[in-house]
Amino acid sequence: MGYWKILLLFFAAFFGGTSVFLFKGDNHKTLKLVLSFSGAYLFGITVLHLIPDAYHGNDNYVGVFILVGFLFQIVLEQFSDGIEHGHMHKHPHDMAVFPIGIMASLCLHAFLEGMPLAQGNQDQLVYGIALHHIPAAFALATVLLTNKQGKNKTILFVAVFAVMAPAGYFFSDALSSGNVGNLQHYFNRIMGVVIGIFLHISTTILFESSADHRFNMRKMMAVLAGVTIALLGFLKEL
């Protein structure tokens, strides 16, 4: 994988988090549209690209690992409060201490997403991870600032989160290159876990980010744009 993709993964999350200093509050309309677009794009590449690739090796257990990933994301959200969706399930003011659970679960989430990137050409996955980390990093930075972590500490912790997906890639690539435990034979199962995570995140974004699950015209256009770009990327690879 080209190093520009590694840089894209890092800087998408980093700039997504540090952009919190440019906006007031966590309900900015532009961010909500980005969130809708990213959820639709993530769902699109999961259905069109990631699921067919994962089943390409005729591994009968891929579906089991997709379920594992889906359920694992539910468990992670007990600690992260849904920050992976770009918003919180409870107001950050309700937390009076450093959000260790949020930080740890979000970093683990990003690390796992980076692992399948070491297998073959995963351009669509790179774009999907980078795109959905933008609102997630923004939400993380909002929580950190609300908990009075200060600007420098907030930037530091956002950088830690931003490096997790590249770290997952390098870790997986190093194991695969060294043939440790024949890891290359398990990439489809690792991908299955990521697919489960993406299915949970993307569908939650699409249905939780609107009041009463209703789509207004701006959100509908953002969703259609996300799905269309995912479809165009799929057709290009045929």
Side-chain angles (χ1 to χ4, degrees), residues 3-39 42 72-115 117 126-171 194 197-198 200-202 204-205 208-209 222:
Y3 283 101
W4 70 268
K5 296 175 185 176
I6 298 297
L7 294 176
L8 175 64
L9 288 173
F10 175 82
F11 284 110
F14 184 75
F15 287 134
T18 54
S19 66
V20 73
F21 301 110
L22 302 177
F23 300 107
K24 299 294 184 182
D26 57 359
N27 292 316
H28 197 274
K29 293 181 179 179
T30 302
L31 184 65
K32 285 190 173 183
L33 290 178
V34 171
L35 192 60
S36 297
F37 175 86
S38 68
L42 205 58
F72 183 65
Q73 180 59 34
I74 294 176
V75 173
L76 281 182
E77 290 186 10
Q78 304 309 305
F79 302 96
S80 67
D81 293 306
I83 203 169
E84 298 92 336
H85 312 143
H87 63 273
M88 298 284 291
H89 289 164
K90 63 182 179 181
H91 200 281
H93 283 294
D94 295 336
M95 294 175 290
V97 296
F98 178 78
I100 296 176
I102 289 176
M103 191 70 200
S105 59
L106 199 59
C107 286
L108 176 60
H109 166 95
F111 186 86
L112 289 173
E113 287 179 338
M115 289 188 68
L117 297 175
V126 171
Y127 302 143
I129 293 172
L131 193 58
H132 113 78
H133 279 182
I134 293 173
F138 186 94
L140 173 63
T142 300
V143 171
L144 292 169
L145 287 175
T146 302
N147 284 270
K148 299 179 172 55
Q149 294 303 311
K151 183 176 180 179
N152 290 336
K153 282 188 176 181
T154 297
I155 292 174
L156 173 62
F157 289 124
V158 166
V160 170
F161 166 64
V163 82
M164 284 296 107
Y169 160 74
F170 284 119
F171 176 77
V194 173
I197 290 172
F198 277 7
H200 186 283
I201 290 173
S202 61
T204 302
I205 287 174
E208 271 197 359
S209 59

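From a predicted model like this one, the values you see are computed outputs, not experimental measurements. Because only heavy atoms are used, hydrogens play no part in the values below, and waters and symmetry mates are left out as well, while side chains stay in.
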### Message
Under the criterion side-chain contact (heavy atoms from CB on, under 4.5 Å), I'd like the reasoning laid out for Leu9 against Leu117: C-alpha separation, chi angles, the key distance, then a yes or no.
### Response
CA-CA 11 Å; Leu9 288 173; Leu117 297 175; 3.5 Å; yes
### Query
side-chain contact (heavy atoms from CB on, under 4.5 Å) between Phe198 and Glu113: does it pass, once the steps are laid out?
CA-CA 9 Å; Phe198 277 7; Glu113 287 179 338; 2.9 Å; yes
### Query
side-chain contact (heavy atoms from CB on, under 4.5 Å) between Leu8 and Trp4: does it pass, once the steps are laid out?
CA-CA 6 Å; Leu8 175 64; Trp4 70 268; 4.2 Å; yes
### Message
Using the rule given for side-chain contact (heavy atoms from CB on, under 4.5 Å), can you reason through Thr154 versus Phe21, listing the C-alpha separation, both sets of side-chain angles and the distance that settles it, and then say yes or no?
### Response
CA-CA 10 Å; Thr154 297; Phe21 301 110; 4.3 Å; yes
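Between Phe111 and the options Tyr169, Phe170, Phe171, a ring-ring contact (aromatic ring centres under 6.0 Å, His included) holds for only Phe171.
At least one side-chain heavy atom of Leu140 sits under 4.5 Å from a side-chain heavy atom of Met103.
The OG1 atom of Thr18 sits 10.0 Å away from atom CZ of Phe138, with the distance rounded to the nearest 0.5 Å. Considering CD1 of Ile102 and CG of Leu76, their distance stands at 12.0 Å, rounded to 0.5 Å. Separation of atoms NE2 (His200) and CD1 (Ile205) is listed at 11.0 Å; rounding is to 0.5 Å. Distance check: Ile155 CD1 to Leu144 CG gives 11.0 Å after rounding to the nearest 0.5 Å. Rounding to the nearest 0.5 Å places CZ of Phe72 at 11.5 Å from CD of Glu77. The distance from atom CD of Gln73 to atom CG of Leu112, rounded to the nearest 0.5 Å, is 9.5 Å.
The six-membered or imidazole ring of His133 lies near that of Phe161, with a centre-to-centre distance under 6.0 Å.
Smallest separation of non-hydrogen atoms from Ala141 and Val158: CB-CG2, 4.0 Å. Across all their heavy atoms, Leu106 and Ala136 have their closest contact at CD2-O, 4.4 Å. Scanning both residues, Gly16 and Ala137, for their nearest heavy atoms gives C-CB, 4.1 Å. Nearest approach of Ala130 to Ala12, heavy atoms of both residues: O-CB, 3.5 Å.
Ring geometry, Phe11 versus Phe14: the interplanar angle exceeds 60°, so the pair is classed perpendicular (tilted spans 30 to 60°). Ring orientation note: the planes of His109 and His132 are nearly perpendicular, at an angle over 60° on the 30°/60° scale.
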